[in-house]
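Below you'll find the structure, written out as structure tokens, and then a few comments.
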Amino acid sequence: MPRLALYTFGVLQAPLADPSPATREFYAIGADVYRRIGAHPGHLARAEPAGGEQGVLFGADWGAWGEFAVPAWYGKGRTADTTALATTLSLWTDPRSAFDAVYTGVHRAALKRRHDWFERSRHPSHVLWWVPEGVTPTWQEGVDRLEHLHDHGPVPQAFTCHQQFTPEGTRAPART
């Protein structure tokens, strides 16, 4: 049975290493969001560094999730002191589970605060696509599909929570 991959990406207003209250608040809320989403029905897995390194993105060993990658439009730092992004790559059983996890509860509250932490962008913040059972999506696939979504709009290979496609490639009913 196919599984749903979800890649999210946002550019932060300040580097992750910034000691400001806003950055500390983002980290504090993020830990709770990850914990709750990880326990959400339908959540299967999320990319984490193989060595358990926290706060390391570039250069970390991501195991089956592949080498860490970011969209071409990301122009900020790539070192521990200058990285200014938040991104996730996860697997879900179905779109409803992913949608509910993102748009309800603690994550919804965090979304309402996104402009406190993230730069506004004309680029999409997430992309979904179907993967065969037993396949682990990679960071590069997430980047490629997000860039394709930006350039071409929703298609069966790269779609959004609000404009979905079935595993067979047909448009799914609109999600509100």
Side-chain angles (χ1 to χ4, degrees), residues 1-13 16 26 30 33-34 37-38 40-47 57-58 62 64-78 83-176:
M1 173 173 253
R3 301 177 303 166
L4 189 71
L6 169 61
Y7 173 75
T8 66
F9 186 85
V11 179
L12 293 162
Q13 293 180 13
L16 290 167
F26 175 75
V33 167
Y34 279 137
I37 283 182
H40 196 279
H43 180 265
L44 298 171
R46 78 176 169 94
L57 300 172
F58 298 95
W62 292 92
W65 302 92
E67 184 177 340
F68 187 74
V70 294
W73 64 78
Y74 174 72
K76 291 194 173 183
R78 295 171 185 256
T83 299
L85 62 91
T87 186
T88 63
L89 179 58
S90 56
L91 278 172
W92 296 84
T93 57
D94 60 277
R96 183 78 221 181
S97 297
F99 183 91
D100 287 348
V102 170
Y103 292 104
T104 64
V106 68
H107 192 269
R108 180 183 176 102
L111 279 177
K112 289 181 180 180
R113 303 272 325 276
R114 68 186 173 274
H115 298 302
D116 293 343
W117 306 308
F118 291 94
E119 293 180 355
R120 294 178 189 259
S121 175
R122 287 178 270 146
H123 302 282
S125 62
H126 75 281
V127 65
L128 299 156
W129 71 98
W130 292 101
V131 297
E133 188 168 346
V135 171
T136 302
T138 66
W139 288 107
Q140 188 61 56
E141 285 177 291
V143 167
D144 292 345
R145 289 172 190 267
L146 189 71
E147 290 174 341
H148 190 277
L149 177 64
H150 175 260
D151 293 342
H152 304 286
V155 294
Q157 299 80 16
F159 54 94
T160 70
C161 284
H162 298 287
Q163 295 177 302
Q164 299 174 12
F165 287 83
T166 67
E168 298 76 32
T170 59
R171 191 172 289 276
R175 174 78 50 217
T176 57

Any side-chain heavy-atom pair of [X] and [Y] under 4.5 Å:
{"X": "Trp129", "Y": "Phe165", "answer": "no"}
{"X": "Leu128", "Y": "Tyr7", "answer": "no"}
{"X": "Phe68", "Y": "Gln140", "answer": "no"}
{"X": "His115", "Y": "Arg120", "answer": "yes"}
{"X": "Phe9", "Y": "Leu146", "answer": "yes"}
{"X": "Leu44", "Y": "Trp92", "answer": "no"}
{"X": "Arg171", "Y": "Gln163", "answer": "yes"}
{"X": "Thr8", "Y": "Ser125", "answer": "no"}

Side chain to side chain contact (heavy atoms under 4.5 Å, CB included) between Val131 and Leu91, intermediate numbers included: CA-CA 9 Å; Val131 297; Leu91 278 172; 3.7 Å; yes
For the residue pair [X] and [Y], what are the closest heavy atoms and their distance?
{"X": "Ala110", "Y": "Trp117", "result": "O-CZ3, 3.5 Å"}
{"X": "Thr136", "Y": "Ala64", "result": "CG2-O, 3.8 Å"}
{"X": "Gly134", "Y": "Arg3", "result": "N-NH2, 3.5 Å"}
{"X": "Leu111", "Y": "Val102", "result": "CD1-O, 3.5 Å"}
{"X": "Pro2", "Y": "Pro167", "result": "CG-CB, 3.7 Å"}
{"X": "Asp116", "Y": "Arg113", "result": "OD2-NE, 2.5 Å"}

Donor + acceptor pair across side chains of Thr166, Glu168 (<3.5 Å): yes
Centroid-centroid under 6.0 Å between Trp62 and Trp139 rings: yes
Check: His43 ring centroid to Tyr34 ring centroid under 6.0 Å: no
Side chain to side chain contact (heavy atoms under 4.5 Å, CB included) between Leu4 and Asp94, worked out: CA-CA 6 Å; Leu4 189 71; Asp94 60 277; over 6 Å; no
Quick one: [atom1] on [X] to [atom2] on [Y], what's the gap to the nearest 0.5 Å?
{"X": "Gln157", "Y": "Glu141", "atom1": "CD", "atom2": "CD", "result": "12.5 Å"}
{"X": "Phe26", "Y": "Gln13", "atom1": "CZ", "atom2": "CD", "result": "11.0 Å"}
{"X": "Leu16", "Y": "Leu57", "atom1": "CG", "atom2": "CG", "result": "6.5 Å"}
{"X": "Leu89", "Y": "Leu6", "atom1": "CG", "atom2": "CG", "result": "8.0 Å"}

Is a side-chain donor or acceptor of [X] paired with a backbone partner of [Y] at a separation under 3.5 angstrom?
{"X": "Gln164", "Y": "Cys161", "answer": "yes"}
{"X": "Thr104", "Y": "Asp100", "answer": "yes"}
{"X": "His107", "Y": "Ile37", "answer": "no"}

Geometric class of the His148/His152 ring pair [parallel <30°, tilted 30-60°, perpendicular >60°]: tilted
Among Tyr74, Trp73, Phe118, ring-ring contact (aromatic ring centres under 6.0 Å, His included) partner for His123: Trp73
Derivation and outcome, side chain to side chain contact (heavy atoms under 4.5 Å, CB included), residues Arg78 and Val70: CA-CA 10 Å; Arg78 295 171 185 256; Val70 294; 3.6 Å; yes
Criterion ring-ring contact (aromatic ring centres under 6.0 Å, His included) on Phe159 and His126, from CA distance to verdict: CA-CA 9 Å; Phe159 54 94; His126 75 281; 9.3 Å; no
Carboxylate-amine/guanidinium contact Lys76 Glu119, below 4.0 Å: yes
